[in-house]
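The block underneath contains the structure these notes are about, expressed in structure tokens.
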Amino acid sequence: MSSQPEFAFVSACRDPKVNNCPEVATNIPGVVALRDSSKPDTIFTMPAADWVTLTAAVKAGEYDLSV
């Protein structure tokens, strides 16, 4: 049985009073981990290259729900 790496999550919340913020960990080479601060035991991981692709798409507005 393999153990889960020790991710060092950082909150992406702009308001510290909010308790359901996205958290990101990039301390494991080649892996990005994501979780919701209100559900810290549920962790989603992806290759770092996929994270680069995702963040570029977000910055380009591909997932803008306000339009």
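From a predicted model like this one, the values you see are computed outputs, not experimental measurements. One is the number of the first residue; the rest follow in order along the sequence. These values consider heavy atoms only, across backbone and side chains, with no hydrogens, waters or symmetry-generated copies.
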Check: For the residue pair E6 and I28, what are the closest heavy atoms and their distance?
Finding: O-CD1, 3.9 Å
Margin query: Can you list everything that forms a side-chain hydrogen bond (donor to acceptor under 3.5 Å, both in side chains) with D50? Sequence neighbours excluded, please.
Written below: none
Check: Nearest 0.5 Å, what's the CG-OG1 distance between L34 and T26?
Finding: 10.5 Å
Check: Side-chain heavy atoms under 4.5 angstrom apart, residues restricted to Ile, Leu, Val, Met, Phe, Trp, Tyr: same cluster for V32 and V10?
Finding: no
Note to self: Give me the atom names and distance for the closest heavy-atom approach of S37 to P40.
What the structure shows: O-CD, 3.5 Å
Notebook entry, point to check: What pairs meet the disulfide (SG to SG under 2.5 Å) rule with one or both residues in residues 20-67, with sequence neighbours excluded?
Noted result: C13-C21
Checklist line | Transitive ILVMFWY cluster of V52, excluding itself - 4.5 Å side-chain cut-off | finding: none
Check: Does the N27 side chain pair with the main chain of F7, one donor and one acceptor, at a distance under 3.5 Å?
Finding: no
Table please: side-chain donor-acceptor pairs of residues 60-67 below 3.5 Å, with sequence neighbours left out.
residue	atom	partner	partner atom	Å
D64	OD1	S66	N	2.9
D64	OD1	S66	OG	2.5
D64	OD2	S66	OG	3.3

Check: Which pairs, with at least one residue in residues 30-41 and sequence neighbours excluded, count as a salt bridge (charged side-chain N to carboxylate O under 4.0 Å, His left out)?
Finding: E23-R35
Check: With the 4.5 Å side-chain cut-off for hydrophobic clustering, are V24 and M46 part of the same group?
Finding: yes
Note to self: Same cluster or not: F9 versus F44, using hydrophobic residues (I, L, V, M, F, W, Y) connected whenever any side-chain heavy atoms lie under 4.5 Å apart?
What the structure shows: no
Margin query: My understanding is that only residues two or more places apart in sequence, or in another chain, count here; which of them pass side-chain contact (heavy atoms from CB on, under 4.5 Å) with T55?
Written below: W51
